[in-house]
Amino acid sequence: MATTTDLAKGNVTIEFKLSCAGAGKDKGINVEADSTLNPDCIKYGDLAYFRVYHWGLSKGYNIQTSDTSISVASSGSTSEDKEESISFANTDSTTVSYPIDSINSVTWFGNNLGTVLATGKTELKASKVGLAAATIKYTTSYSLHSFTVTPKTSETYPVIVYIEENPS
């Protein structure tokens, strides 16, 4: 006996790709699925949300998808608090994963290298050189985007989301 699959319930898989051209300490892009807004499994017809963290992009960025029938919507900018472990290995500099809007606190574990300041959007500098570990709490911001995939003819439908800096 043949079985049928309800394609309206098909899974959508999303892969993010970034253009690294010109990336560095002065500019960059991070992207991730929004784990707060997305369901555990994205199905046809569901909104798929993703966050774009960006800094130093004077002309902004462009989003493309592997399916030209998909229209990506922007929901504006949102701030959030992050907490990360940071380490210093006989240096006074380190980095964090997301662009820093403001540093809220630093908690040292063992050696204390003093005040930590943001010297760039993801770069940090301590008051002195040393070997130390800490937790930093900081505020960052991201742009929220979303899209919907209409039902297709396959049970699983992959979508590639490509993000690059707009040309100068």
Side-chain angles (χ1 to χ4, degrees), residues 11-43 46-65 70 72-148 159-166 168:
N11 293 331
V12 176
T13 62
I14 303 167
E15 181 179 355
F16 297 102
K17 299 279 188 180
L18 299 173
S19 168
C20 296
K25 72 176 193 168
D26 296 330
K27 63 180 177 177
I29 303 171
N30 289 345
V31 62
E32 62 187 37
D34 190 314
S35 60
T36 306
L37 295 175
N38 285 329
D40 290 339
C41 181
I42 298 171
K43 306 225 180 267
D46 289 346
L47 272 173
Y49 294 92
F50 62 98
R51 299 174 177 190
V52 177
Y53 300 84
H54 58 92
W55 62 99
L57 306 178
S58 61
K59 300 282 185 178
Y61 58 91
N62 181 42
I63 301 172
Q64 301 173 43
T65 66
I70 294 173
V72 176
S74 178
S75 300
S77 186
T78 303
S79 293
E80 72 173 331
D81 291 332
K82 290 284 189 185
E83 182 175 329
E84 282 187 52
S85 296
I86 55 174
S87 61
F88 299 83
N90 292 325
T91 183
D92 61 355
S93 300
T94 192
T95 60
V96 292
S97 302
Y98 300 91
I100 300 168
D101 293 336
S102 63
I103 296 174
N104 302 327
S105 68
V106 176
T107 303
W108 294 101
F109 301 101
N111 295 336
N112 183 329
L113 302 184
T115 303
V116 174
L117 299 174
T119 57
K121 286 305 279 184
T122 59
E123 294 77 38
L124 300 170
K125 187 169 182 83
S127 299
K128 56 187 175 184
V129 172
L131 180 62
T135 297
I136 184 168
K137 292 181 181 178
Y138 61 98
T139 302
T140 187
S141 55
Y142 61 87
S143 297
L144 183 64
H145 300 278
S146 63
F147 65 87
T148 301
V159 175
I160 298 171
V161 177
Y162 181 73
I163 302 170
E164 66 181 340
E165 179 181 7
N166 284 330
S168 299

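Computed from a prediction, not measured in an experiment: that's the story for all the values here.
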Inset, instruction - Compare every heavy atom of K43 with every heavy atom of V12, then report the nearest pair and how far apart it is. - result: CG2-C, 4.0 Å
Legend entry - Spacing of OG1 belonging to T139 relative to CG belonging to D81, to within rounding of 0.5 Å: 4.0 Å
Inset, instruction - State, to 0.1 Å, how close V31 and V52 come at their nearest heavy-atom pair, and which atoms those are. - result: CG2-CG2, 4.1 Å
Legend entry - Note, Y142 side chain near T78 side chain (heavy atom, < 4.5 Å): yes
Legend entry - S93 side, atom OG; I86 side, atom CD1 - distance, nearest 0.5 Å: 11.0 Å
Legend entry - Test: E123 and K125 ion pair at under 4.0 Å: no
Inset, instruction - Check for a donor-acceptor pair, side chain of S87 on one end and backbone N or O of A133 on the other, with a separation under 3.5 Å. - result: no
Inset, instruction - Could you grab the distance from atom OH of Y162 to atom CD of Q64, nearest 0.5 Å is fine? - result: 7.5 Å
Inset, instruction - First locate atom CD of E83, then atom CG of N104, and finally report the distance between them rounded to the nearest 0.5 Å. - result: 10.5 Å
Legend entry - Separation between CG of L117 and CG of D92, rounded to the nearest 0.5 Å: 10.5 Å
Legend entry - Any donor-acceptor N/O pair, N11 side chain to C41 backbone, under 3.5 Å: no
Inset, instruction - For the pair K121 (side chain) and I100 (backbone), establish whether a donor and an acceptor sit closer than 3.5 Å, ignoring hydrogens and angles. - result: yes
Inset, instruction - Answer whether the closest heavy-atom distance between the side chains of T122 and W55 falls below 4.5 Å. - result: yes
Inset, instruction - Measure across N111 and L131 and return the closest heavy-atom pair with its distance rounded to 0.1 Å. - result: ND2-O, 2.7 Å
Legend entry - Gap between atom CG of L144 and atom OG of S74 - 0.5 Å precision: 7.5 Å
Inset, instruction - Would you please test F147 and I14 for side-chain contact (heavy atoms from CB on, under 4.5 Å) and show each step? - result: CA-CA 11 Å; F147 65 87; I14 303 167; 3.8 Å; yes
Legend entry - 4.5 Å side-chain heavy-atom contact, H54 and E165: no
Inset, instruction - Check G130 against L113 and note the closest heavy-atom contact, atom names and distance. - result: CA-CD2, 3.7 Å
Legend entry - Check: T115 side chain, S127 main-chain N or O, donor-acceptor pair, under 3.5 Å: no
Legend entry - Side-chain heavy-atom pair L57, N166 within 4.5 angstrom cut-off: no
Legend entry - Minimum heavy-atom distance L18-I29, with the two atoms named: CD1-O, 3.3 Å
Legend entry - I163 and F50, any side-chain heavy atoms less than 4.5 Å apart: yes
Legend entry - Minimum-distance pair of heavy atoms, taken over all atoms of L124 and A118: CD2-CA, 4.1 Å
Inset, instruction - For residues R51 and Y98, determine if any side-chain heavy atom of one lies less than 4.5 Å from a side-chain heavy atom of the other. - result: no
Legend entry - Residue of the set F16, Y49, Y53, Y61 for which ring pair (Phe, Tyr, Trp, His ring centres under 6.0 Å) holds with H145: Y61
